[in-house]
Amino acid sequence: MKPPKFEYRAARTVEEAVSLLQEAGEDAKILAGGQSLVPMLNFRLTRPSHLIDINKVSELDYIREKDGKLAIGALTRERTIERSALVRQKFPLLTEATEWIGHVQIRNRGTIGGSVAHADPASEYPALVVLSDAELTIQGPDGSRTTTWDEFFVTYLTTSLQPFEVLTELRFPLPKPGSGYAFVELARRHGDFALVGCAAQVTMNGKGTCQEARLALIGVGPFPHRSPDAEAMLKGQKLTDKLISEAGQKISEEVEPEGDMHASTEYRRAMSKVFTERALKKALSRVQGGK
Amino acid sequence: MSMHSISLTINGKKFEGQAEARKLLSDFIREDIGLTGTHVGCEHGMCGACTVFIDGVGVRSCLTFAVQADGTSIETVESLAKDGKLSPLQEAFWENHGLQCGFCTPGMLICAEELLRENKNPTEQEVRLAISGNLCRCTGYHHIVLSILAAAKKLQGAAQAA
């Protein structure tokens, strides 16, 4: 189908984007990469009065290391992140997550800020925001504010972004030395929406004890699932296959996935255990200097 | 309804036109510019048939508005053949039965072209990944993969001869 009618404005700066949003009123939407929004427009699932295009807001296109964090501008393309040597070196979990997103031509346009603001329950970047307790900077008419995932993600495709606000930067705390990572996903075909996915990051001390475990699952609830209980089970322990299996079991009992034509609730729940185990084992195998 | 002036370069030629904000680039290329090589399949980014280069980067033209292409340089499938002679990639599709009904071919060619511009010697797995976002309704993927691998060989041969 074809998109419904809307007014189009292009911004050059974040400030201009915020003021164009204000002029346009509450039914306006930001247009970034458009890889989720434009399909929704083409199917007329959404009918914004205005689109405020931020594709020329070049000040939001950057990847920097700053104060032990990786700061990424919201308009940074997924393909740029995938190819970034800095990301691969400092936060390879982000590189691995990116490789699961759609296809090359989707990643050429799609942006990290757009993916997180769209908040699809099956998408990869929100999982990393949740896993690493990333800071999100949001610019609005009254200046900027910083938030984290527990305030940001509200439910399916819904965030706490207010009508005249723009997500501008994501800051991911870098993994500590002795960390391993993995992003594993189940999809019918590569690039399809994930039925279930799991991101894991484990930090081990020299004696083979887990100092910290972080897990975030996608496709099993309204937004990425974090499990303080499963993480606590792993902390301070040797990560044996038995313990990993118990953590997977714990998560599969916590999640409340919705079933659809692609996979039933029961299947997604069963797979949440399997993919938690796979992610933890793969992450553990990647810890530098042994387990 | 607001109209926007659009001035762009298409396959090396200047084009100026007008479009509503809601006009998709895929429709602008087909209806306004009159180049119908770019095909429109699903209109939600799943089939890949509408893929074109914008400033050298492969994108879905059905997920881009024409107004966003103002000031850019676009290459469509029509840009591949030069002076009526097929490109090595197109030749390889012809020789290896890479086309069946031809509907997905323009998107396959653009995505393969993007792969081969960056990777001169792709593995079969890399080729399959590169066209993983393109649907062939005849399901003739095998010959498309063979065509792209054959094109890589042709291009390597040409580079060595030069």
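Sequence lines set the chain letters: A, B, ... in the order given, protein chains first and strands last, and positions in each chain run from 1.
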Taking A/Gly34, A/Gly33, A/Pro4, A/Ser36 one by one, which has the highest count of heavy-atom pairs under 4.5 Å against chain B?
-> A/Pro4
Separation of A/Gln35 CD from B/His44 NE2 (nearest 0.5 Å) = 12.5 Å
Chain B contacts, top residue of A/Arg189, A/Met40, A/Met1 (heavy-atom pairs, under 4.5 Å) = A/Met1
For the residue pair B/Leu129 and A/His103, establish whether any side-chain heavy-atom pair is separated by less than 4.5 Å.
-> no
Please check if atom CZ in A/Arg88 has more than 12 non-hydrogen atoms from other residues, nucleotides or ligands closer than 6.0 Å.
-> no
Flag side-chain contact, heavy atom, 4.5 Å: B/Thr64 against A/Arg109 = yes
Residue A/Phe193 excluded, over 12 heavy atoms near CZ under 6.0 Å = no
A/Leu51 portion near chain B, given a 4.5 angstrom heavy-atom threshold = side chain
Okay, A/Arg79 and chain B: the region with an atom under 4.5 Å from a heavy atom over there is side chain
Reported NZ-to-OG distance for the pair A/Lys5 and B/Ser2, which is rounded to 0.5 angstrom = 10.0 Å
Tell me, do A/Gln105 and B/Val59 make a side-chain contact under 4.5 Å, heavy atoms counted?
-> no
What do you reckon, is CZ of A/Arg44 surrounded by more than 12 foreign heavy atoms closer than 6.0 Å?
-> yes
In Å and rounded to the nearest 0.5 Å, what is the CG to OG distance from A/Asn42 to B/Ser26?
-> 8.0 Å
Which of B/Val40, B/Ile110, B/Val67, B/Val57 touches chain A most, by non-hydrogen pairs under 4.5 Å = B/Val67
Considering only heavy atoms from C-beta outward, does the side chain of B/Ile54 approach that of A/Asn108 to under 4.5 Å?
-> no
Could you tell me whether A/Arg83 and B/Glu118 make a salt bridge, using a distance below 4.0 angstrom between a side-chain N and a carboxylate O?
-> yes
Side-chain donor/acceptor of B/Arg22 to backbone N/O of A/Pro3, under 3.5 Å | yes
Answer yes or no: are there more than 12 heavy-atom neighbours, outside A/Gln22 itself, under 6.0 Å from its atom CD?
-> yes
Report, as yes or no, whether the 6.0 Å neighbourhood of atom NZ on B/Lys23 holds more than 12 heavy atoms from other residues, nucleotides or ligands.
-> yes
In terms of heavy-atom proximity below 4.5 Å to chain A, should B/Leu63 be classed as side chain, backbone, both, or neither?
-> both
B/Thr51 versus chain A, the contacting section by heavy-atom distance below 4.5 Å | side chain
Highest number of heavy-atom pairs under 4.5 Å with chain B: which of A/Val104, A/Asp192, A/Asn55, A/Asp53?
-> A/Asp53
Where on B/Gln68 is there a heavy atom nearer than 4.5 Å to chain A: the side chain, the backbone, both, or neither?
-> both
Measure the CZ-CD distance between A/Phe6 and B/Glu20 for me, rounded to the nearest 0.5 Å.
-> 9.0 Å
Is there side-chain contact between A/Leu31 and B/Phe65, with heavy atoms separated by less than 4.5 Å?
-> yes
Atom pair CG/CD of A/Leu41 and B/Glu43 - distance to nearest 0.5 Å | 12.0 Å
